[in-house]
Amino acid sequence: MKSYIQVAFNLPTEKFFWYRLSSDFKEKPEIGQRVVVPLGKKEKVGFVVNVSSKKPEGKLKEMIGFFDRFSPFSSSLFQLASWITDYYGCSLGQALHSVFPHPFPYEEKIDFSLSHPQENSTLKKEVYLINPGEQKIELFLSWIRENKKINKQVLILVPEISLTCAFEEKIEKWGVKSVIFHSKLPPRERYRRWLAMKKGEVDVVVGTRSVVFSPLPNIGLTLIDEEQSIDYKQKETPKYGVREVATKRGEIENFPVYLVSGSPSLDSWYKAQKGVYRLFNIPEKEKTSSHLTTDMHRPSSFFIVDVKKEKKKNRIFSSLLQEKIKEALERGFPVLVFVPRRGYANFLLCSDCGEVIRCPNCNISLSFHLKKEMLCHWCGFQKEAPLTCPFCEGISVRKIGWGTQRVELEAKKIFPAARVERFDLDVFKLSPHLISQRIKNKEVDILVGTQLLIKEEIISMVNVVGVILLDVLLNVPDFRATERTFHLLNKIRHSQKKGSFLIVQTYNPTYYVLNKEGEEFYSEELKIRETLGYPPFQRWIRILFEGRTKNKVKDKCEKIAEELEKKNLDFLGPSPCPFLQIKGQYRYHIILRDDGTKTKFLEESIKKAIPRTMRGSVKLGIDVDPLIIT
DNA sequence: AGCACGCCGACT
DNA sequence: GTCGGCGTGCTC
């Protein structure tokens, strides 16, 4: 019997293409299987999305061959990809591409005759928000055992690779069959583990973002650990969020999703308040009815230092921070100094003419580094620091602000006997585990570094944590800056051991992020978001325009805005992005807003008003539920 | 996304 | 006159 296939490509086009199959091919094509076909003048790999025995209309070319021996997509994963297409505004080919388990060998033929899922869930297929408290690992284990009993698997998602390692060690001892999965595994190993998952030979899978597409045949529960993490958002098209994808998959495959965090995202917190998510009470932990970890559970002491009141020479290390570090060092305890910026100084400013030295590609100020000198943190542009001001030739070029290098030198000056070490993107990268080993072996006294030191494994090893200037984090141009600072402070405080100190230096000691805890903070932040029409009160869809000519970008953006206006949609802009220029590209955006009443309508209107492909010199990107607006 | 085709400005 | 930028349309 003759057969015909319809193929979707990883291209920004809605279209599918029909091909004829020569009778030489004995195997039946499967939905989701990759095939090689001619497209235009080239051969391309695409996904089978339809199989038919009836001849379709129009001219046809012949399929060249199968690329794989079978399709890696179950029908539910294929369905999930279709949903991604609708929700995140990409083509089906693009969605399938991102769900596809790369790399995938094409020479093997495997028959998956599987036992089919039995409906026997202990919980309804809902989303639960859980504060795990101290017993996290034990809770996870009990859930895994519960599901193992009914022949179901548990999927555990963690924000980054280093956290999978922590599980790996513990799971060994549990006596359950597990698979660790992330993108840094060698290709052969990835495929071996993919097969183990597909065959259902495991009880639990622990992995990073893409594991939400694990081929497990019979998922009983998906856990998203540290659900507030920004690492759960995919940066490439389709820019999906793991929380949303896991929830959708739970709906399709009938399993509950547990969002696990002691510091949940404002989004999830709000949804739990509204009853969209359920709050899950941990029975044996009745001491707290709250779903947030509050002060009484935090063993460390917390101090806020008002930098305004410090003597000028103590602006980097306040007298209190110096005192606490000295005390710790005398008792042989290590300390950690958190600096939100790498480099020596944040920018160079001429105090004669007021000009700042900027990146020619990004127009943001260049950081001053000791070895590389002027460096752009966005695009990597590098040049020598000028001796005189390039604008007025004056000699009063001053270094403003301080980064890790400056703080490292200052620490060496104040504590000459201590062994000071710097950890940031500019020094050779050590894994969090190796850093904590160095602390354990007493090889370092003062650790100076950026965000990459803020790991439970490291924080729990030190006696004092000093935050040099919190204001740098609070003032990044993003409406979620306060929330992210809140999570950071929580993370430090949750990770610290008993009897340790957290000292935060700031020019704004009365700011609410420092003075409101738990529910109080959430309701304050929600009030602000509601007044301004920000998420989670409005669902946002950001449409980003990029190109080399500023006016063309602006014009295209305005043209689309007119289309949206005609459809009576509510949106912000068009406006230049917070960083107008990055890597030489000018950027404008429109932010569509949905108050929850017209979600379906909005999605359809976007399809009509916005061409998926923006041709010419302006590129277009769609970001549904954007997380960082830059 | 590629690639071709076709339209206008500035070159030997 | 034609080389080449880029805007537009098509690929089964």
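Quick note on labels: first sequence line is chain A, next is B, and so on, each numbered from 1.
In this entry the distance linking NZ of A:Lys61 with P of C:dT11 reads 9 Å, nearest Å. We find that CZ of A:Phe9 is positioned 15 Å from C1' of B:dC3, with the value rounded to whole Å. Between the CD atom of A:Glu236 and the C1' atom of B:dA1 there is a distance of 16 Å, rounded to whole Å. Rounded to whole Å, atom P of B:dA1 lies 13 Å from atom NE2 of A:His97. Between the P atom of C:dG9 and the NZ atom of A:Lys41 lies a distance of 20 Å, rounded to the nearest Å. A:Glu43 places its CD atom 16 Å from the P atom of B:dG2, with the value rounded to the nearest Å. In this entry the distance linking CD of A:Glu14 with C1' of C:dC10 reads 15 Å, nearest Å. C:dT11 atom C1' lies 11 Å from atom NZ of A:Lys44, rounded to whole Å.
Among the heavy atoms of the strands, none lies under 4.0 Å from A:Pro56.
Ring-plane geometry between A:Trp83 and A:Tyr88 is classed as perpendicular, the angle between the planes exceeding 60 degrees on a 0 to 90 degree scale with a lower cut at 30.
Taking only side-chain nitrogens and oxygens, A:Lys42 comes nearer than 4.0 Å to OP1 or OP2 of B:dC3. Side-chain nitrogen and oxygen atoms of A:Thr13 include none within less than 4.0 Å of the OP1 or OP2 phosphate oxygen of C:dT11.
Listed candidates were C:dC6, B:dG2, C:dT11. Nearest to the side chain of A:Arg548 is C:dC6. In the set C:dG7, C:dC12, B:dA1, C:dC12 carries the atom at the smallest distance from any side-chain atom of A:Phe17. Looking at the side chain of A:Lys552, the nearest of the listed nucleotides C:dC6, C:dC12, B:dG2 is C:dC6.
In this structure, A:Glu160 and A:Lys455 approach most closely via the heavy-atom pair OE2-CE, 3.1 Å.
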Test side-chain contact (heavy atoms from CB on, under 4.5 Å) applied to A:Phe100 and A:Arg34, step by step: CA-CA 10 Å; A:Phe100 191 85; A:Arg34 287 188 301 181; 3.2 Å; yes
In sequence, state the C-alpha distance, the side-chain angles, and the governing distance for A:Arg484 and A:Leu473, and then conclude on side-chain contact (heavy atoms from CB on, under 4.5 Å). CA-CA 8 Å; A:Arg484 278 203 295 275; A:Leu473 292 175; over 6 Å; no
Stepwise, does the side-chain contact (heavy atoms from CB on, under 4.5 Å) test hold for A:Asp68 with A:Phe70? CA-CA 5 Å; A:Asp68 304 308; A:Phe70 63 94; 5.9 Å; no
